[in-house]
Amino acid sequence: MSKFTVLNHPLIQHKLTLIRNKDTGTQEFREIVNEIAELMVYEITRDLPLKDVKVTTPMGETVQKELAGKKLAVIPILRAGLGMVDGVLQLIPAAKVGHIGMYRDEKTLQPHEYFVKLPSDIDQRELFIVDPMLATGGSANMAIDALKKRGAQHIRLVVLVAAPEGVHAVQTNHPDIDIYAAALDEKINENGYIFPGLGDAGDRLFGTK
Ligand SMILES: O=P(O)(O)OC[C@H]1O[C@H](OP(=O)(O)OP(=O)(O)O)[C@H](O)[C@@H]1O
Ligand SMILES: O=c1cc[nH]c(=O)[nH]1
Ligand SMILES: [Mg+2]
């Protein structure tokens, strides 16, 4: 069974409260989403493997550490996932970026894929799928399917707000995928939105409401 981890760092929790507030405007919302993404990536990369390397300082030769594992790629689920990309790249500037376009039918809540463009070597990379919202889990499951179909082997899912239904759906369909969230909320409401949530993440990021 995959791991589900809520990142309880006080800065993450404080910033999440700011963007839940309905009076937080587009500019601030966008800035804070990136800040939270950056903090989350800092937390979840604690287990990246290191190896010894020789380095010559101005004082002489020494053996120190550098990252040893697979290269990384960040995969935003469009649109709202785009809001987290800059935050991730702030810490991992060399990461490649793949895009998966997905929208949820407002009535059926079924996801529809409309765009996929990925680095050619995703099978060699550790992939971080980013999307602020994990509601029914339909979009995340379809994005994971799209990556696996193209050879991806190491995928983690990073979301800001998760609903229990979405966590269960991803864990059931993809027991190999670890999920990280800034919060686990109460439920999905009758319109398919997470409660208490933060509303429509894409609309709040891009000012489209
Ligand atoms: O878990 P689910 O029930 O699939 O819902 C979550 C999805 O819904 C939102 O995207 P939306 O369809 O609103 O597209 P957008 O990012 O373009 O606004 C959100 O960003 C997720 O991708
Ligand atoms: O609460 C939700 C659920 C799906 N998508 C969003 O943007 N918000
Ligand atoms: Mg949306």
Side-chain angles (χ1 to χ4, degrees), residues 2 4 6 15-34 36-37 40 74-88 97-118 127-148 152 155-175 177-209:
S2 71
F4 172 67
V6 175
K15 288 173 190 291
L16 185 61
T17 301
L18 293 174
I19 58 169
R20 285 186 190 274
N21 188 330
K22 67 177 177 44
D23 295 326
T24 298
T26 300
Q27 182 186 349
E28 202 184 349
F29 188 93
R30 204 181 280 149
E31 284 168 6
I32 298 172
V33 167
N34 270 317
I36 298 173
M40 291 183 78
V74 51
I75 317 284
I77 301 180
L78 310 185
R79 285 176 305 164
L82 284 175
M84 298 171 71
V85 172
D86 287 348
V88 178
V97 183
H99 295 85
I100 299 185
M102 204 90 79
Y103 73 89
R104 223 170 52 138
D105 183 290
E106 282 180 14
K107 291 208 173 64
T108 65
L109 303 183
Q110 290 306 304
H112 296 271
E113 183 185 296
Y114 59 84
F115 187 74
V116 179
K117 185 75 182 173
L118 302 168
L127 307 177
F128 293 149
I129 299 178
V130 295
D131 190 332
M133 310 308 280
L134 177 64
T136 66
S139 304
N141 271 335
M142 196 178 257
I144 295 166
D145 287 338
L147 291 177
K148 286 186 174 173
I155 305 171
R156 305 194 214 187
L157 175 63
V158 185
V159 304
L160 301 192
V161 182
E165 295 88 334
V167 174
H168 179 72
V170 174
Q171 287 187 320
T172 305
N173 283 280
H174 297 288
I177 306 289
D178 288 339
I179 308 168
Y180 301 87
L184 176 65
D185 274 13
E186 214 175 297
K187 61 176 183 185
I188 299 176
N189 76 7
E190 55 286 0
N191 300 317
Y193 279 83
I194 299 175
F195 180 85
L198 48 75
D200 190 301
D203 285 341
R204 295 197 66 191
L205 275 166
F206 299 110
T208 44
K209 198 80 188 183

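Note that ligands are numbered from 1 as they come in the structure, with each ligand's atoms numbered from 1 the same way. Each residue takes its place number in the sequence, starting with 1. As the structure is a prediction and not an experimental result, all values here were calculated from the model. Hydrogens, waters and symmetry mates are skipped; everything else that's a heavy atom, side chains included, is used.
The nearest protein atom to atom 6 (C) of ligand 1, hydrogens excluded, is given as M133 O, 3.6 Å; this is a heavy-atom distance. Atom 6 (C) of ligand 2 has as its closest protein heavy atom M133 CG, 3.5 Å. Of the protein's non-hydrogen atoms, the one nearest atom 14 (O) of ligand 1 is M102 O, 3.8 Å. Among protein heavy atoms, the minimum distance from atom 1 (O) of ligand 2 is reached at I194 N, 2.8 Å. Annotation: atom 11 (P) of ligand 1 to nearest protein heavy atom, R104 N, 4.2 Å. The protein heavy atom nearest to atom 2 (C) of ligand 2 is Y193 CD2, 3.4 Å.
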>> One pair to check against side-chain contact (heavy atoms from CB on, under 4.5 Å): M142 and I77. What are the steps and the verdict?
In response: CA-CA 10 Å; M142 196 178 257; I77 301 180; over 6 Å; no
> Going through the checks in order, is the side-chain contact (heavy atoms from CB on, under 4.5 Å) test met by I177 and K148?
Replying inline: CA-CA 11 Å; I177 306 289; K148 286 186 174 173; 4.2 Å; yes
> Run the side-chain contact (heavy atoms from CB on, under 4.5 Å) check on D131 and M102 step by step: do they pass?
Replying inline: CA-CA 11 Å; D131 190 332; M102 204 90 79; over 6 Å; no
> Should I36 and I32 be marked as a side-chain contact (heavy atoms from CB on, under 4.5 Å) after you check the CA-CA gap, both sets of side-chain angles, and the distance that decides it?
Replying inline: CA-CA 6 Å; I36 298 173; I32 298 172; 4.0 Å; yes
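Under the 4.0 angstrom criterion for non-hydrogen atoms, L109 is not in contact with ligand 1. Not close to ligand 2: P132, with no non-hydrogen atom less than 4.0 angstrom away. Residue contacts with ligand 2 include R104, since one of its heavy atoms falls under 4.0 Å from the ligand.
The only option from T24, I19, T17 that meets the side chain to side chain contact (heavy atoms under 4.5 Å, CB included) definition with N21 turns out to be T24.
Geometrically, ligand 2 and G202 share no nitrogen or oxygen pair separated by less than 3.5 Å. Polar contact check, A140 against ligand 1: no nitrogen or oxygen pair lies under 3.5 Å apart. Looking at G137 next to ligand 1, an N or O pair under 3.5 Å apart turns up. The distance criterion of under 3.5 Å between nitrogen or oxygen atoms is met by R79 with respect to ligand 1.
Taking every non-hydrogen atom of D131 and a distance limit under 4.0 Å, the qualifying atoms of ligand 1 come out as 19 (C), 20 (O), 21 (C), 22 (O). For ligand 1, the atoms closer than 4.0 angstrom to any heavy atom of Y103 are 12 (O). For ligand 2, the atoms closer than 4.0 angstrom to any heavy atom of G199 are 1 (O), 2 (C), 6 (C), 7 (O), 8 (N). Atoms of ligand 2 lying under 4.0 Å from at least one heavy atom of A201, given by number and element, are 6 (C), 7 (O). Proximity to L78 (heavy-atom distance under 4.0 Å) selects the following atoms of ligand 1: 16 (O).
For D200, the N/O/S atom at the shortest distance from the Mg ion (ligand 3) is named OD1.
Between atom OH of residue Y180 and atom CG of residue L157 there is a gap of 10.5 Å, rounded to the nearest 0.5 Å. The CG atom of L78 lies 11.5 Å from the OG atom of S139; values are rounded to the nearest 0.5 Å.
Heavy atoms from other residues, nucleotides or ligands lying under 6.0 Å from NE2 of H112 number more than 12.
Ranked by closest heavy atom to atom 16 (O) of ligand 1, the top entry among P76, A80, G202 is A80. Comparing L160, L205, D200, I100 against atom 13 (O) of ligand 1, the shortest heavy-atom distance belongs to D200. Scanning S139, A143, G101, A201 for the heavy atom closest to atom 7 (C) of ligand 1 points to S139.
Here the side chain of R104 pairs no donor or acceptor atom with the backbone of G138 at under 3.5 angstrom. E186 places no side-chain N or O within donor-acceptor distance of the main-chain N or O of F195, the cut-off being under 3.5 Å. With hydrogens and angles disregarded, no donor-acceptor distance shorter than 3.5 Å links the side chain of R20 to the backbone of P196. Formation of a donor-acceptor pair under 3.5 Å by the R30 side chain with backbone atoms of L205 is found in this model. The backbone N or O of N191 sits less than 3.5 Å from a side-chain atom of N189, completing a donor-acceptor pair.
Taking the ring centre of Y114 as origin, the terminal cationic atom of R79 falls outside the region bounded by 6.0 Å and 45° from the ring axis.
Within a 4.0 Å radius of atom 9 (C) of ligand 1, the protein has no heavy atom.
At a heavy-atom distance under 4.0 Å, atoms from both the backbone and the side chain of T136 approach ligand 1.
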